[in-house]
Amino acid sequence: MDSAQEDASSTDVFLVTANVGSLFEDPERLLQLWLSEFLAKIAVAQPRFLALHLQEVGGKTYEKSMEYVQEFIRCLCDAPEMGDFTCVHIFMDEDFKSAEHFTALGSLYFVHKDVASLKIWNFLTHSWEESLQDVKDKHIYSGNIETIATKEKSKFPQHFFPECKWSRKGFMRTRWEINGTVIDLVNIHLFHDASNLAACENFPSVYCKTRRRALVHTIERFHLDEQNGTVPFFLFGDFNFRCDTEGVVKELTENLTPHRVQNVKNENDKIHYRNSTGNNVLTVGKKEFSHADHQLKFKEDWLKKFDRELEPLKDVLVEYPIKFVPSYPFEEDPEMPTDYMSTRCPAWCDRILMSPQVNEIIESDDWTYGMIGEAVCMGDHKPVYLTVRLKPNKGPADPTAISKLPESLANLVNQALNDESLWMEQSVVDDSSASNSSAAKSRYILMKKGTTSPCKEDPDEAGALAAKSDGLDTESAMLLKETTV
């Protein structure tokens, strides 16, 4: 096939990731704003395959937001801009009562009537389902979707979670054959920074290490999937990647004097960085990050050099150049759509990444990587999108073929999943259930088989516990919770 014919039959693919948690905290003001801006973008792009990955669907209290989630889906599906998308697959993880399964992820896929050939993978039978384009119907899976076979969903192992406390973090994967070319689309949500003060102690921070471990665990899982095989994938979601906070603070505070303010009552320490005249230029607290020129400073090019979390994975994950401002944390006020909140150092949390093999199946010079709603309030996260043109008939013919674990990934596995300085860190948390003492504290200790004393611990201000990955033999070690009063 010559290049002109190949280009003519390439499929315009539009990928979007959006953390929508804050929309459901204020749905009456924000939902329609978000939908209007999103649909306007789709109307202009006119893709043939649309993938929308949502995180934090329903916000903090899903049980109170269910009706708004249903309205969100209805408005999206019934919008005139979506009329030519005749095949729809929506996976909404809504079983909020199941701590071990609930991820609050939503993966929505819309296929245009002009797509000639389409298949979706069954992860239980390890084979293709019947041709969906012949069905031309809406498939909406919500509530408890654990048994839906056309998706793979998993929370990260519990010992990956800070303090071993469940939160809504994990991934959801689907596999598609679009006009003869196979891709995996993976929705992911990684761990956030709990404290700015802990984050700026060093780089990589304990939070960065925890995110990296979960990310490496997920990619390794795909490469070792003997039943479903390995195909090129797009990985897009809220990675919660943060800038090198230690480096950012050093950059911003050169020639400034730090002053620590301690509040013993609520342990709300802050560090004020002041200039020679005594004016505060930067304030860093657990949940405060405020600069005197906050709304302009973090939209300048200097910040990009501190976006470093992907550096160790450059051989495993690739990304188009970022030309947009940090996607988080924006004000949630419709009157302040371009302003950042002074809670965190602005960062590119929301990303669209891909495996290196994707380069073989897309038109290399025809892409757009950008942000939706630059001048409109979209919640605290701005959606990020990528448009690519997918070449036809690139296979693979046998999706269950296993690709060799790349050496670079194997090295990352050894580093990230076996990092004892991370997974043996002590976690100190309040535990009101222990005795009746308000002074009760708990910590987690890893006990190895054949030892009579706890493994060496490394306490950190973040209070983040990480334990070893699935590579840890559970028969040779156990996690104990020790409470002191």
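Predicted model, so just to flag it, every value in this text is computed and none were measured.
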Partner set under salt bridge (Lys or Arg N to Asp or Glu O under 4.0 Å) for Glu311, not counting sequence neighbours: Arg308

Suppose we screen for side chain to side chain contact (heavy atoms under 4.5 Å, CB included). Which residues come up paired with Ser276, at least two apart in sequence or across chains? none

Could you list the residues that satisfy side-chain hydrogen bond (donor to acceptor under 3.5 Å, both in side chains) with Gln55, not counting sequence neighbours? Thr17, Asn187

Please name all residues satisfying salt bridge (Lys or Arg N to Asp or Glu O under 4.0 Å) with Glu94, sequence neighbours left out, ordered by chain then number. none

Could you list all the salt bridge (charged side-chain N to carboxylate O under 4.0 Å, His left out) pairs where at least one residue sits in residues 28-47, not counting sequence neighbours? Asp26-Arg29, Arg29-Asp333

Apply salt bridge (Lys or Arg N to Asp or Glu O under 4.0 Å) to Asp238 and list each qualifying residue two or more places apart in sequence or on a separate chain. none

Could you work out, with salt bridge (Lys or Arg N to Asp or Glu O under 4.0 Å) as the rule, every residue matching Arg173, not counting sequence neighbours? Glu152, Asp184, Asp225

Excluding sequence neighbours, so at least two apart, what forms ring pair (Phe, Tyr, Trp, His ring centres under 6.0 Å) with Tyr385? Phe14

Ring center gap for Trp348 and Phe239 short of 6.0 angstrom: no

Qualifying residues under side-chain hydrogen bond (donor to acceptor under 3.5 Å, both in side chains), relative to Thr174, sequence neighbours excluded: Tyr109, Trp176

Do the ring centers of Phe234 and Phe236 come within less than 6.0 Å of each other? no

Hey, could you give me each pair passing salt bridge (charged side-chain N to carboxylate O under 4.0 Å, His left out) that has a residue in residues 314-324? Not counting sequence neighbours. Glu319-Arg351

Mind checking side chain to side chain contact (heavy atoms under 4.5 Å, CB included) for Ser205 and listing every partner two or more places apart, or none if nothing turns up? Tyr207, Cys208

Mind jotting down which residue pairs meet the side chain to side chain donor-acceptor pair (under 3.5 Å) criterion with at least one end in residues 334-347? Sequence neighbours excluded, please. Asn196-Arg344

